[in-house]
Amino acid sequence: MATIKIHGGNPLGGEITVSGSKNGTLPLLAAALLIADQSIIENVPRIDDINAMIDMLRALGAKCEFIERSVLSIDASHITSVSAPYDLVRKMRGSFYVAGALLGRLGEAEVPLPGGCVIGSRPVDYHLSGFRALGAVVEERHGIMRARADKLTGSRMYMDSRYRSVGATVNVMLAAVLADGVTVIENASREPEVICCQQFLQQAGADIRGVGTDIVVIKGVEKLHGCRFRSVPDRMEAGTFLIACGVARGDVTVRAVEPRHMGVVLNLLQRAGLKVESGPDYVHAIADKRPHAFEVTTAPYPGFPTDLQPNAGVLGALAVGTTVIQETIFEARFNYIDELKRMGADMQLKDSVAIIRGVPKLYGAPVEATDIRAGSALVVAGLAADGYTEISGAEFLARGYENLEGKLQQLGATITSTPSVEDDKARNAWHR
Ligand code: EPU
């Protein structure tokens with residue numbers, strides 16, 4: 001297992017540049033499969049989930065190459081397979097996006113079902129009903145989804161009303177851009193990462209209206225062409241560093257961000273007592289005392305993101321007063337609570353609500369990350385804690401955060417990481 005060691009207690013100070021978004025860039029890589037041409041994607045984060053997606057594209061026949069540190073060229077002129085390898089789908093759920101792209105381009109896709117995961121059950125039923133609505137015959141057998149259509153035909157569909165689904169919205173859009181006729185997706189997700197995918201497709205020649213709204217209208221086109229496109233900044237990474245400032249105290253500026261994507265997060269930081277100021281592409285935060293307690297409920301965009309809920313929990317753990325956090329998206333997103341309790345937090349979970357009585361201090365302890373965002377919450381906690389925190393399972397962090405250790409060191413944190421032998425080998429292979 002990879003581990004991270006942090007000696008906590010230093011306030012953070014300085015600036016960091018935020019990388020491109022993991023969840024914004026993964027759909028772009030899948031979308032490039034729709035284009036029998038070269039696509040150039042800028043602001044690609046150098047993280048393990050992107051590496052895994054590149055492996056997936058290569059396994060399907062596309063040529064992928066970093067032409068600069070964060071600029072990826074994808075040539076999907078020749079797709080040689082419609083079957084996604086299980087060992088790559090298993091690594092991360094975002095790889096299921098190749099289903100929509102392969103179905104849209106070639107009328108056929110065989111993709112293992114991604115299954116559940118540690119943050120809760122993560123079905124793909126909305127994705128599959130979207131494919132069916134477009135006329136595909138979809139079967140699930142022996143853990144593999146097979147979708148086929150002689151020709152996909154546009155249709156009107158309503159994403160389930162209980163949730164808006166980021167993944168299903170993207171997957172159905174990918175399948176629909178080359179379909180015959182008009183597709184209308186009602187109750188579509190409006191996340192900046194979804195808009196990023198819509199704008200990439202538009203730039204490649206797709207006819208999409210209602211970008212960024214919950215009614216997306218797609219008129220199928222004959223074909224798409226290659227283009228150059230810049231991925232969206234990672235609002236989760238930016239939020240993590242800003243919350244870390246609130247937890248460890250200090251004076252931190254995050255650069256290369258889109259503050260307009262972060263309204264609800266900046267509002268929470270202000271309610272917690274941080275001084276926050278933003279400009280066109282930066283956010284500056286100052287924290288000079290213990291945070292105030294707050295109440296927050298996760299919700300699809302523009303609501304508070306579930307991906308920052310664990311970090312918000314750490315802010316609450318050190319706040320003056322009682323914080324209440326309700327999770328509405330993923331039932332097991334509170335996995336970090338037991339680990340945080342080992343560091344001295346006073347937290348109780350009642351169904352989907354965490355009641356957090358703020359304590360003045362956390363204490364370093366050996367803890368374990370169970371997913372990307374739980375891991376980032378433990379890092380943030382370790383920055384403020386007295387003494388050493390050793391986080392095992394830190395390979396999750398490399399899936400979603402580019403150079404987390406280096407960026408935190410730049411802000412004055414005492415942090416080191418040791419990759420597992422397997423991670424090291426895999427990363428060396430990827431970077432060749
Ligand atoms: N859902 C269904 N059926 C479906 C699809 C979704 O019931 O077919 C439910 C899910 O179980 C969940 C809710 O709908 O309760 C919303 O899930 P959504 O489909 O929006 O999530 P996702 O597309 O699987 C993406 C991000 C997640 C992020 C969520 C919510 C990617 C690769 N993943 O997942 O990111 O938490 O949206 O914003 O974009 C992470 O980065 O750590 C991460 C988990």
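Values below: all heavy atoms of this structure, side chains included; hydrogens, waters and symmetry mates excluded. Start at 1 with the first residue, then count along the sequence. Whatever order the structure lists ligands and atoms in, that order sets their numbers, starting from 1.
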*Taking both backbone and side-chain atoms of S165, is any N or O found less than 3.5 Å from an N or O belonging to ligand 1?*
yes
_Please check this pair: side chain of S231 against backbone of G20, looking for a donor-acceptor N/O pair closer than 3.5 Å._
no
*For ligand 1, which atoms have a heavy atom of H127 less than 4.0 angstrom away?*
8 (O)
*Please state which protein non-hydrogen atom is closest to atom 22 (P) of ligand 1 and give its distance, to 0.1 Å?*
R122 NH2, 3.7 Å
*asked:* So does E191 get a backbone contact from the side chain of S189, meaning a donor-acceptor N/O pair under 3.5 Å?
replied: no
*Going by heavy-atom distance to atom 5 (C) of ligand 1, choose the closest among G94, P123, G167, A168.*
P123
*Sub-3.5 Å donor-acceptor pair from the side chain of K22 to the main-chain atoms of D234, do we have one?*
no
*Is the closest heavy-atom distance from R333 to ligand 1 below 4.0 Å?*
yes
*Heavy-atom distance to atom 2 (C) of ligand 1: which of Y126, Y301, F396 wins?*
Y126
*Distance-only, no hydrogens or angles: does the D37 side chain make a donor-acceptor pair with backbone N or O of G226 under 3.5 Å?*
yes
*Hey, does the side chain of R58 reach the backbone of C64 with a donor-acceptor pair shorter than 3.5 angstrom?*
yes
*What about L26: any of its N or O atoms under 3.5 Å from an N or O on ligand 1?*
no
*May I ask you to decide if Q326's main-chain N or O and T297's side chain share a donor-acceptor pair within less than 3.5 Å?*
no
*Residue list, salt bridge (Lys or Arg N to Asp or Glu O under 4.0 Å) with E108, at least two apart or on another chain*: R148
*asked:* Under the rule for side chain to side chain contact (heavy atoms under 4.5 Å, CB included), what residues qualify as partners of A136, not counting sequence neighbours?
replied: L103, F131, V138, A149, L152
*Just how far is it from atom OG of S95 to atom CG of L88, taken to the nearest 0.5 Å?*
7.5 Å
*Select one of side chain, backbone, both or neither to describe which atoms of D307 lie under 4.0 Å from any atom of ligand 1, heavy atoms only.*
side chain
_Nearest-contact summary for atom 13 (C) of ligand 1 - protein heavy atom, Å_ = Y163 CG, 3.7 Å
*In terms of side-chain geometry, is the basic nitrogen of K341 or D346 positioned less than 4.0 Å from the acidic oxygen of its partner?*
no
*asked:* Quick one: does any side-chain atom of E237 pair with a main-chain N or O of S19 as donor and acceptor, under 3.5 Å?
replied: yes
*Salt-bridge criterion met for E42 and R228 (N-O under 4.0 Å)*: yes
*At a 4.0 Å threshold, what atoms of ligand 1 neighbour a non-hydrogen atom of R93?*
24 (O)
*How far is atom 42 (O) of ligand 1 from its nearest protein heavy atom, and which residue and atom name does that atom have?*
R373 NE, 2.9 Å
*Who's the nearest protein heavy-atom neighbour of atom 39 (O) of ligand 1, and how far?*
N23 CG, 3.1 Å
*Which ligand 1 atoms, with their elements, are less than 4.0 angstrom from a heavy-atom of K22?*
40 (C), 41 (O)
*Could you list the atoms of ligand 1 found under 4.0 angstrom from a heavy atom of T306?*
30 (C), 36 (O)
_Subset of ligand 1 atoms that lie under 4.0 Å from at least one heavy atom of V166_ = 18 (P), 19 (O), 20 (O), 23 (O), 37 (O)
_Show the atoms of ligand 1 that are less than 4.0 angstrom away from any heavy atom in R164._
16 (C), 20 (O)
*What is the closest protein heavy atom to atom 11 (O) of ligand 1, and at what distance does it sit?*
S121 O, 3.3 Å
_Just to confirm my output: which protein heavy-atom neighbour is closest to atom 15 (O) of ligand 1, and how far is it?_
I329 O, 2.6 Å
*asked:* I want to know if ligand 1 touches I372 in the polar sense, i.e. an N/O pair below 3.5 angstrom.
replied: no
*Residue and atom name of the nearest protein heavy atom (relative to atom 3 (N) of ligand 1), distance in Å to one decimal*: D125 OD1, 2.6 Å
*So, R164 side chain and A188 main chain: donor-acceptor pair closer than 3.5 Å or not?*
yes
*For atom 21 (O) of ligand 1, which protein heavy atom lies nearest, and how many Å away is it?*
F330 CZ, 3.8 Å
